[in-house]
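Here's the structure, in structure tokens; my notes come after.
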Amino acid sequence: MNEIPTRYNPKETEDKWYKFWEEKGFFAAGANPEKKPFCIVIPPPNVTGILHMGHALNNTIQDILIRYHRMKGEESLWMPGTDHAGIATQNVVEKALAKEGLKRQDLGREKFIRRVWQWKEQYGSTIIRQLKKLGASCDWQRERFTMDEGYSCAVIEVFVRLYEKGLIYRGSYIINWCPRCQTALSDEEAPHHELQGNLYYLRYPFKDNPDEYIVVATTRPETMLGDTAVAVNPKDRRYKKAIGKCLILPLINREIRVIADSMVDMEFGTGAVKVTPAHDPNDYCLAKKHNLEFVNVMHPDASMNDAAGDYRNMDRFEAREVILEDLKEKGLLEKVVPHVLSAGHCYRCHTIIEPYLSKQWFVKMKPLAKPAIDAVKKGKIRFHPGRWTKVYLNWMENIQDWCISRQIWWGHRLPVYYCSNCMKQADQSPGQRVTGSPVKNKGIIVSRSKPEKCPDCGSSDIYQDEDVLDTWFSSWLWPFATFGWPELSQDLKYFYPTAVLVTAPEIIFFWVARMIIAGFEFMGDIPFRDVYIHGTVRDIEGKKMSKSLGNIIDPLSIIDEYGADALRFSLISITAQGQDVFLSKERFEQGRNFANKIWNASRFILMNLEPEQARVDLCDYFQKEKLSLVNRWILSRFYSALKGVDQYLETFRFNEAVNTLYSFFWHEFCDWYLELIKSDIKRNENQVVMYKMLEKSLRLIQPFMPYIAEEIWQRLAHEGESIMVRPWPHVQEQLIDKKCEKEAESVFEAVTGIRNLRTSLEIRPEQRVKVSLYPHAKAKSKLLNESSGLIKDLARLESLEFLSENKRPAACVSAVSKDADIYLHFSGLLDLAAEQEKIKKKTTSLSALLRAKEARMKNAEFVKKAPKEVVEGEKESINKLNEELSRLQKMHDELR
RNA sequence: GGGCGCAUGGCUCAGCCGGUUAGAGCGCCACACUCACAUUGUGGAGAUCAUAGGUUCGAAUCCUAUUGCGCCCACCA
């Protein structure tokens with residue numbers, strides 16, 4: 001056995017075991033009526049993705065759950081796959097094209113799409129490979145991609161069904177437009193960030209009196225070119241006379257009217273608002289109400305268009321500067337005041353969003369949201385931690401219609417067809433997003449496949465809509481479309497609803513909420529019972545990890561340096577109840593060290609194990625033999641730890657689970673148990689218990705650190721092919737023995753007490769010493785007597801004697817442990833003063849404690865109202881303190 | 001403007017339903033490589049649990065307010 005190295009080397013084990021598991025089919029799951037299903041669908045990473053710490057954390061949690069439930073005998077399926085990530089992927093491929101000096105338009109749609117598929121074939125499995133490095137036990141044979149043929153059918157099916165129900169409509173509205181990606185975005189894809197900008201005060205002269213003007217305040221002066229009115233509050237005295245009058249819009253010289261609307265906030269700016277219906281959602285509403293003209297002044301790339309007159313073709317921000325210059329020159333720029341504003345940003349490229357008037361497709365969300373709200377309110381779906389429930393409900397209850405059309409090429413093309421003939425006659429005026437009543441426009445055909453003829457006019461001049469669907473319009477079907485919906489397969493019926501969804505807070509709206517909606521709409525049931533929201537991974541300064549900040553800790557380099565198990569362990573141990581995770585590289589040392597500890601403890605056991613002795617059934621053995629205190633103790637501790645791990649995993653408290661395991665294995669099993677049995681390791685019962693404890697501990701470790709668990713388990717005598725398919729241990733309540741634990745602790749305290757004395761006297765570790773113990777009670781006397789061998793070993797004693805009367809032997813230093821007075825025979829020079837000082841210090845702190853407790857007992861209210869156990873506990877504690885204090889006093893006196 | 005989270009030893013954090021002599025990891029100090037592991041062991045120092053009120057027999061733990069930091073949502077032009 002000496003060939004086992006003293007250091008665990010993850011590199012030699014990880015790939016080997018992963019391959020083994022996969023080849024053996026241990027990850028596979030399928031409908032099995034004999035067993036309870038447990039299913040998790042992976043949040044599908046983008047095909048463009050590379051594994052970052054957020055993924056690592058997210059997937060480690062899922063893997064722990066899956067491995068745990070698999071061992072518990074449930075049919076556990078982890079459904080994997082990737083997301084086509086429309087805009088993100090298109091951007092990546094466009095960047096690659098740009099290197100060749102090409103634009104996607106140069107290739108044309110078809111060729112470009114082929115290029116993206118090629119890219120996907122080549123690089124799209126990167127993240128899957130990386131998940132495998134992490135140890136993810138997904139059923140890879142089921143891997144899905146949101147653009148798979150079957151999955152695409154589900155997407156089309158959903159669109160058609162919703163359209164037919166009147167829940168999808170088309171219309172012109174102000175949407176979030178990314179000028180760089182040149183597509184519409186949903187509200188969720190355009191998060192607002194604060195910007196330091198200015199509030200510009202512009203003068204708009206009256207037509208009939210050019211020397212008079214109204215001053216309007218704006219943060220985006222370039223949009224003034226599209227102004228078609230100025231609005232004031234009807235109650236605003238300052239502008240009473242101006243209402244209905246005509247102004248001349250500077251630079252453009254358009255005549256615009258002053259209108260009155262109560263929407264205008266009199267307090268803000270000057271109380272007069274420029275109205276730009278085509279570039280601001282509020283102004284859009286105003287314009288609808290007051291029948292104003294819509295003047296779009298920008299091209300899709302946010303450069304100014306012909307309507308911008310002399311400013312045409314300037315970029316919007318360049319135009320801003322020039323316009324300000326020109327206004328200043330004309331004396332029409334009154335002042336500029338610094339102003340913090342918040343503007344939408346493209347979540348893909350961070351470009352500032354332009355509110356833009358365009359014709360898009362929308363899903364009417366209000367009616368869909370209702371069952372999804374109820375399900376969460378009634379607790380059919382539970383968020384962990386619970387506080388996210390509020391966030392979810394708040395969003396759901398204020399839900400807005402969802403803009404689902406994107407002006408890009410990569411994605412599911414809308415199943416929408418137009419009849420050229422009918423479209424010529426169709427009314428092109430903007431619809432009403434607010435009322436959202438679907439208008440079945442003539443000439444628009446929504447169909448699962450391309451229609452031959454127009455049902456209205458019979459023309460065969462039919463073309464498909466150019467737009468594709470929002471990526472999330474396919475992701476929201478993930479929990480059932482991955483099982484082949486709309487077909488109701490055996491697997492779908494068996495695994496749906498899934499058990500848990502594990503994800504980050506950022507995508508509650510994007511994905512979680514919409515999956516719940518889709519679940520009800522298309523499956524008539526919740527998609528999952530529990531939603532575990534973990535924290536965001538941040539760097540040690542609390543910043544989000546991002547490429548641009550350069551503060552990324554790459555999980556793969558951590559795996560390379562410390563091992564996947566170490567990565568998993570460390571990530572989990574610092575993930576408290578969905579709190580954000582602050583990471584520095586050093587954190588992974590703890591995981592690596594723990595793996596090494598497991599390795600070396602196992603190495604020690606393997607070197608000392610007599611396999612034939614160890615293979616005894618523990619329960620039988622326990623009944624036949626009366627086990628020693630230490631063996632009963634470690635069994636009790638093990639099952640207590642197991643109980644904790646079970647409980648913590650069921651309640652999604654992963655850090656508690658892992659910490660319980662860590663402290664059991666390291667500080668109890670290694671630090672005490674193995675040390676305690678070391679001197680008598682060949683004894684049969686020690687062999688049995690040592691073996692069983694290791695084997696069972698490994699099973700507990702397996703979900704968290706699967707590689708090292710497998711590597712050791714395989715070297716150990718074992719039943720079955722792999723630890724990952726062995727059953728999870730059951731809690732043996734009859735082996736949990738609190739009395740025994742107390743007794744053991746009493747022995748440990750004696751040892752610690754002696755070690756303490758040794759250190760304070762600077763006695764060399766190799767030097768053996770004589771100790772006398774005076775046990776405080778008869779029972780303790782028996783216990784300590786029986787354990788004298790252990791105490792001698794661990795405290796490195798030459799001899800240990802027990803005193804029957806509490807009399808201080810000569811030439812001793814003393815200490816008080818929980819159940820005994822300790823006298824260490826010391827012939828060297830004693831620092832009496834120091835000893836006394838120590839005793840004094842302890843006396844002081846104990847007296848303070850005692851006084852506090854006595855005061856509590858004197859309080860009649862406390863005695864009357866506090867529960868009996870608490871009062872009894874206090875009494876007992878006071879007695880003990882008194883005893884201890886008098887012992888300390890005695891020792892102090894004797895030292896003179 | 002609304003909502004949420006966090007403030008506990010030098011650092012990073014645990015501490016569930018109120019009763020503990022307030023824990024851990026890292027760091028620090030001392031000692032130790034003969035016996036699985038120096039990615040180790042043994043022992044130690046170090047905390048008025050952000051502040052102010054309140055509820056309670058009793059609060060780090062519940063309530064209110066304040067301060068600081070962070071996040072999310074919202075049509076302040």
Side-chain angles (χ1 to χ4, degrees), chain A residues 4 6-8 174 191-192 199 216-220 223 231 263-265 267-270 272-276 280-285 339 341-342 355 385 387-388 390-391 394-395 398 505-506 508-509 535-536 538 540 542 544 562 566 570 573-574 576-580 582-584 586-587 589-590 592-608 648 651 653 655-656 659 662-663 667 670-671 674-675 678-679 752 755-760 762-766 794 845-846 848-849 852-853 856 859-867 869-871 873-874 877 881:
Chain A
I4 304 175
T6 59
R7 286 199 184 175
Y8 172 55
I174 298 272
H192 285 238
L199 199 52
V216 295
T218 179
T219 55
R220 301 197 303 147
T223 64
M263 249 175 84
V264 178
D265 178 2
E267 307 295 319
F268 191 89
T270 58
V273 193
K274 60 190 268 312
V275 182
T276 322
D280 183 282
N282 279 327
D283 296 1
Y284 175 86
C285 289
H339 180 74
L341 65 143
S342 112
R387 64 186 143 93
W388 295 108
K390 231 172 142 178
V391 176
N394 182 50
W395 186 77
N398 297 295
E506 295 96 88
I508 291 178
F509 306 144
T536 306
R538 299 173 184 283
I540 206 70
K544 221 169 174 170
Y562 300 98
S570 289
S573 71
I574 53 177
Q577 277 286 296
Q579 289 300 354
D580 285 355
F582 295 80
L583 266 190
S584 65
E586 294 74 54
R587 304 226 75 133
E589 286 174 12
Q590 195 191 353
R592 178 200 58 187
N593 294 356
F594 186 44
N596 202 53
K597 192 71 189 177
I598 297 169
W599 181 256
N600 275 294
S602 307
R603 179 172 181 265
F604 171 72
I605 291 169
L606 283 166
M607 288 192 307
N608 290 288
Y648 292 134
T651 50
R653 294 163 66 175
N655 65 322
E656 298 282 359
N659 290 340
Y662 176 88
S663 92
H667 298 306
C670 293
D671 287 353
L674 291 180
E675 293 302 326
K678 210 171 238 179
S679 61
T752 308
R755 283 174 174 166
N756 203 326
L757 284 176
R758 295 182 59 120
T759 305
S760 70
E762 294 180 351
I763 297 171
R764 308 237 110 211
E766 67 273 15
L794 297 189
S845 75
L846 288 184
L849 190 65
K853 286 182 185 282
R856 205 170 295 164
N859 185 334
E861 292 291 297
F862 170 73
V863 180
K864 205 167 72 192
K865 291 183 180 168
E869 315 89 79
V870 176
V871 179
E874 287 298 294
S877 157
L881 280 172

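Chain letters run A, B, ... following the sequence lines, proteins first and then strands; every chain starts at 1. Small disclaimer: the values here were computed from a predicted structure and weren't measured.
Put simply, A:Lys390 has a side-chain N or O that comes within less than 4.0 Å of OP1 or OP2 on B:rC4. Contact between the side-chain N/O atoms of A:Asn600 and the OP1/OP2 oxygens of B:rU39 is not found at any separation under 4.0 Å. A close approach under 4.0 Å does not occur between any side-chain nitrogen or oxygen of A:Arg592 and OP1 or OP2 of B:rU39.
Contacts of A:Arg220 with the nucleic acid, taken as non-hydrogen atoms under 4.0 Å apart, are absent. Backbone-only contact: A:Asn859 has heavy atoms under 4.0 Å from sugar-phosphate atoms and none from a base.
Atom CZ in A:Arg387 sits about 16 Å away from atom P in B:rG3, given to the nearest Å.
Between the side chain of A:Asn282 and the base of B:rC75, at least one donor-acceptor pair of N or O atoms lies under 3.5 Å. The base of B:rC37 sits within donor-acceptor range of the side chain of A:Lys597, with an N or O pair under 3.5 Å. Residue-to-nucleotide contacts include a donor-acceptor pair under 3.5 Å from the side chain of A:Arg653 to the base of B:rC16.
Distance check on atom C1': B:rA45 versus B:rC26 gives 16 Å, rounded to whole Å.
RNA chain B contains the following stems of three or more consecutive Watson-Crick or G-U pairs, with both distances under 3.5 Å: B:1-7 with B:67-73, B:10-13 with B:23-26, B:28-32 with B:40-44, B:50-54 with B:62-66.
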Considering only nitrogen or oxygen atoms on both sides, find all protein atoms under 3.5 Å from nucleotides 17-28 of chain B and state each distance.
from, atom 1, to, atom 2, distance (Å)
B:rG25, OP1, A:His667, NE2, 3.3

